Asker: 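The following block contains the structure, expressed as structure tokens.
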Amino acid sequence: MKALRRYIDKIKPQFEKGGRFEKLQSTFDAFETFLFVPNKTTTSGAHIRDAMDMKRTMSVVVIALVPALLFGMWNVGYQHFLSQGEATGFWPTFLFGLVRVLPIVVVSYVTGLAIEFIFAQIRGHEVNEGFLVSGMLIPLVVSPEIPLWMVALATAFAVIIGKEVFGGTGMNIMNPALVARAFLFFAYPQDISGDKVWIADKADAFSGATPLAQAAAGNMDQMPSVLDMFLGLIPGSIGETSTLLILLGGAILLVTGVGSWRIMLSGFAGGYLMGLIFNLWGANTYMEIPAYQHLIMGGFAFGVVFMATDPVSGAQTNRGKLIYGFLIGITAILIRVLNPAYPEGIMLAILFMNIMAPLIDHYVVESNIKRRLRRVKVKAA
Amino acid sequence: MSADTPKKEALFSAKNRRLLFNPLNKENPITVQVLGICSALAVTVKLEPAVVMAISVTLVTAFSNLSISLLRNTIPPRIRIIVQLVVIAMLVILVDEVLKAFYYDVSKQLSVFVGLIITNCIIMGRLEAFAMGNKPWPSFLDGIGNGVGYGWILIVVGLFREFFGSGTIWNFPVMEKLGVYNFGYKDNGLMILPPMALILVGVIIWIQRARNRELIEENK
């Protein structure tokens, strides 16, 4: 460690103003602060210091995603061998998935970080860590069968159009990982439509279709068991299948205070309530499935836990967060059940509410001002 | 502006050249004034309709500017909008009929958007802002300039959307001839959808403002 510190201190002057590699200053800075705690002091404004800086926050989210990722890898192998009708041990299954999934993760990170570094150099600011999470989320919301160039293209689109045009990390109005998925969804629907996101050399049509597709098609007898859906032994995008491990990740986010419990709770409540409403309506078999099943099918849990809680694109006020989460839950189930063209509603629901979040915040703040004004007037009178 | 200058101006004086070339960049109707966006989104799925639309709008803008400029001293101010509309409508119908007669396929692709040139804000805007107060020749140049300024954006957007969305350029299968489909390449379905036209226009605005700093608005 000491030797590394010494080495960094030695090469540092070359990257400072007037040094040989002045142009690469932000790149150097990014690596230095990644390896060591920065020694900068605040020069003006508030002096609140907390160990939870952006790097730490992002790291916690990445850690919370790891269980879902590891399970996703194993499940890729499991679904593959299941469709082949073979039974294999744990390690071959996991390795098969690892070989499939790891390239997607690598491509997503390399593309995204390369663009982030380029923009940081051009604009002359620090490279921020915003992409650490997006780069992990993108592989988790795509199908393991997706061609790698599509991943690269979608990542580039998400980072440039979804984030950098608005001014970079912290300024984006929509969740970049979902922008990437939406891009894939509309650009290459046959590869990632949400109904057949997966089939590793599939044996028959049944093993390929996700539960959402079965439900949308009205094949209720072919739905997997509730336990399978909860544990995640179903086809789907890489990280979305296991509700159990998503909840584990969600617990990590809640304990460390990184994710908002308001958004998660109201999101699940909204989804459940909409499920109940559809139960009452009961116009077709899809509407009649138990409301709780909606919460464990498809990407609903993943979206609510990891994507709706994005602190940048979500609502900021406490009451706003409750409304925001609740509407995400409602909209997701609404799209899912009523529009068979979009079997997976959570992506569109979150993107839609991302756009609405500033509006919600605005009215929450306005109503708060009004309430307090009234209190002042009552006192005066 | 120069209604009472006694000296005769050259046909392409510096001022007239400005009228012609400014709308191409610094006063571009789409990227700077943000007018005529609706049709820019609708007709740019392919290059061919985009080009036809660009030519049609240029002709209508130029000749309506010319006609209104000739009539400008005889139009009573209170009914000027109606008079302008009659002139534009006549020209648009002419364009529409010509397209139907000679380019029926393109005319069908453009569908209502040829008729909707009447409501294109650029044309009314130029008539009100320029032709009503200027001589015929500068007005004509202004019309051409604004039409071409509108048109080149349409053509650029149309080129990208057709190339990446359908893999063709002017219906010529470029991607197929390059053989990229054999490597697993697929056409981008998002390019065909209208939102992508908006994003492309946004990217053009981004590049333009990065090059011309004076176009960037002050942050309030």
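Residue numbers start from 1 in every chain, and the chains themselves are labelled A, B, ... in the order their sequence lines are given, proteins ahead of strands. Here the structure is a predicted model, which means the values were calculated and not measured.
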Asker: Tell me, do B:Leu154 and B:Ile30 make a side-chain contact under 4.5 Å, heavy atoms counted?
Answerer: yes
Asker: Assess whether side-chain contact (heavy atoms from CB on, under 4.5 Å) is satisfied between A:Ile173 and A:Asn354, documenting all intermediate values.
Answerer: CA-CA 7 Å; A:Ile173 54 171; A:Asn354 277 171; over 6 Å; no
Asker: Do other residues, nucleotides or ligands put more than 12 heavy atoms under 6.0 Å from B:Phe163 CZ?
Answerer: yes
Asker: Against chain A, label B:Met191 side chain, backbone, both or neither, depending on which of its atoms sit under 4.5 Å from a heavy atom there.
Answerer: neither
Asker: Has A:Tyr324 got a side-chain atom pairing as donor or acceptor with A:Ala308's backbone, closer than 3.5 angstrom?
Answerer: yes
Asker: Between chain A and chain B, which N/O donor-acceptor pairs sit under 3.5 Å?
Answerer:
from, atom 1, to, atom 2, distance (Å)
A:Trp149, NE1, B:Gly184, O, 3.4
A:Phe186, O, B:Leu190, N, 3.4
A:Ala187, O, B:Gly189, N, 2.7
A:Asp191, OD1, B:Lys186, NZ, 3.1
A:Asp191, OD2, B:Lys186, NZ, 2.9

Asker: I want to check something: taking the side chain as every heavy atom from C-beta on, are B:Met132 and B:Leu127 in contact at a cut-off of under 4.5 Å?
Answerer: no
Asker: Run A:Leu153 and A:Phe183 through side-chain contact (heavy atoms from CB on, under 4.5 Å) and show every step you take.
Answerer: CA-CA 9 Å; A:Leu153 195 65; A:Phe183 176 82; 4.0 Å; yes
